[in-house]
Amino acid sequence: QVHLVESGGGSVEAGGSLRLSCTDSGYIFSSGDCMGWFRQAPGKEREAVAVIYIGPGNIWYDDSVKGRFTISKDNAKNTLYLQMNSLKPEDTAMYYCVAYPGCGTTQYWGQGTQVTVSS
């Protein structure tokens, strides 16, 4: 049973940094899985931020976060991270961790963690 739990959100000023974490105590993600981070700002649609194909290490970033955000996976801790640097007010959103076992169409979502960036 997949049960994702995010943490690390908070309030920072523009230019600051945060690191989000996503872990699952009941499911061990393998090299054949994909994981990612999505976000949803008030009044906007949910959008993908970064996705990693765990085994090969292939990574995709949305253009809006390239060069500022880094997605990574610590296999020993079974934890997915999103390091966010040079944060901007437009990064303000609820951030969700998503898992795709086998990189298939099945998706599992965490409950989300709020990130607020003030100008």
Side-chain angles (χ1 to χ4, degrees):
Q1 183 72 21
V2 179
H3 180 61
L4 301 170
V5 178
E6 302 101 329
S7 62
S11 297
V12 295
E13 294 185 349
S17 298
L18 285 172
R19 188 177 76 161
L20 306 183
S21 299
C22 172
T23 190
D24 189 316
S25 61
Y27 184 90
I28 305 300
F29 292 98
S30 69
S31 60
D33 296 329
C34 291
M35 297 187 73
W37 291 95
F38 280 63
R39 67 185 179 187
Q40 187 168 22
K44 295 187 177 180
E45 293 187 355
R46 192 171 292 186
E47 61 179 4
V49 174
V51 179
I52 181 169
Y53 183 9
I54 295 174
N58 295 344
I59 293 174
W60 171 89
Y61 293 104
D62 183 76
D63 286 344
S64 65
V65 306
K66 280 182 181 176
R68 301 187 299 121
F69 290 11
T70 302
I71 187 172
S72 63
K73 175 77 164 52
D74 186 328
N75 293 328
K77 296 181 179 180
N78 201 42
T79 300
L80 180 75
Y81 298 102
L82 184 68
Q83 178 67 44
M84 305 185 295
N85 299 327
S86 302
L87 283 161
K88 304 175 181 180
E90 51 264 43
D91 294 318
T92 295
M94 184 71 79
Y95 283 71
Y96 298 90
C97 174
V98 184
Y100 306 80
C103 295
T105 57
T106 299
Q107 300 176 4
Y108 295 94
W109 292 76
Q111 82 289 348
T113 185
Q114 178 68 39
V115 172
T116 302
V117 185
S118 59
S119 58

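Using a 4.5 Å heavy-atom threshold, the side chains of Val65 and Trp37 count as separate. Between Val51 and Ile71 there is no side-chain heavy-atom pair separated by less than 4.5 Å. Contact of the Phe69 side chain with the Leu87 side chain is registered, since non-hydrogen atoms from C-beta on lie closer than 4.5 Å. With a 4.5 Å cut-off on side-chain heavy atoms, Phe38 and Gln107 do not count as touching.
Hydrophobic clustering (side-chain heavy atoms under 4.5 Å, transitive across Ile, Leu, Val, Met, Phe, Trp, Tyr) groups Leu80 together with Tyr27. Linking Ile, Leu, Val, Met, Phe, Trp and Tyr residues whenever their side-chain heavy atoms come within less than 4.5 Å leaves Val117 and Met94 in two separate clusters. The hydrophobic cluster containing Val2 also contains Ile52, counting ILVMFWY residues as joined when their side-chain heavy atoms lie under 4.5 angstrom apart, directly or transitively. If you chain together hydrophobic residues whose side chains sit under 4.5 Å apart, Tyr95 and Tyr61 fall into the same group.
When all heavy atoms are compared, the tightest approach of Ser118 to Pro89 is C-CG, 4.4 Å. Among all heavy-atom pairs drawn from Ala93 and Gln114, the shortest one is O-NE2, 3.4 Å. Annotation for Leu4 and Tyr108: closest pair CD1-O, 3.2 Å, computed over non-hydrogen atoms. What you find for Glu6 and Gly112 is that their closest heavy atoms are OE1-N, 2.9 Å. When all heavy atoms of Ser17 and Ser86 are compared, the pair lying nearest together is OG-N, 4.3 Å. Taking every heavy atom of both residues into account, Ser21 and Thr79 meet most closely at CB-CG2, 4.1 Å.
Screening Val115, Asp91, Thr92, Leu18 for a side-chain contact (heavy atoms from CB on, under 4.5 Å) with Val12, the sole residue that qualifies is Leu18.
Once rounded to the nearest 0.5 Å, the distance linking CE of Met35 with CD1 of Ile54 reads 6.0 Å. Interatomic distance, Asn75 CG to Phe29 CZ, rounded to the nearest 0.5 Å: 11.5 Å. Taking CG from Asn85 and CZ from Arg68, the interatomic distance works out to 9.0 Å, rounded to the nearest 0.5 Å. The structure places CD1 of Ile59 at 11.0 Å from SG of Cys34, a figure rounded to the nearest 0.5 Å. Here the straight-line distance linking atom OG of Ser31 with atom NZ of Lys73 works out to 10.0 Å at 0.5 Å rounding. One distance of note links CZ of Arg19 with CE of Met84; it measures 11.5 Å at 0.5 Å rounding.
Side-chain atoms of Gln111 never come within 3.5 Å of backbone atoms of Val5 as a donor-acceptor pair (strictly under, hydrogens ignored). For the pair Asp24 (side chain) and Asn78 (backbone), a donor-acceptor distance under 3.5 Å is absent.
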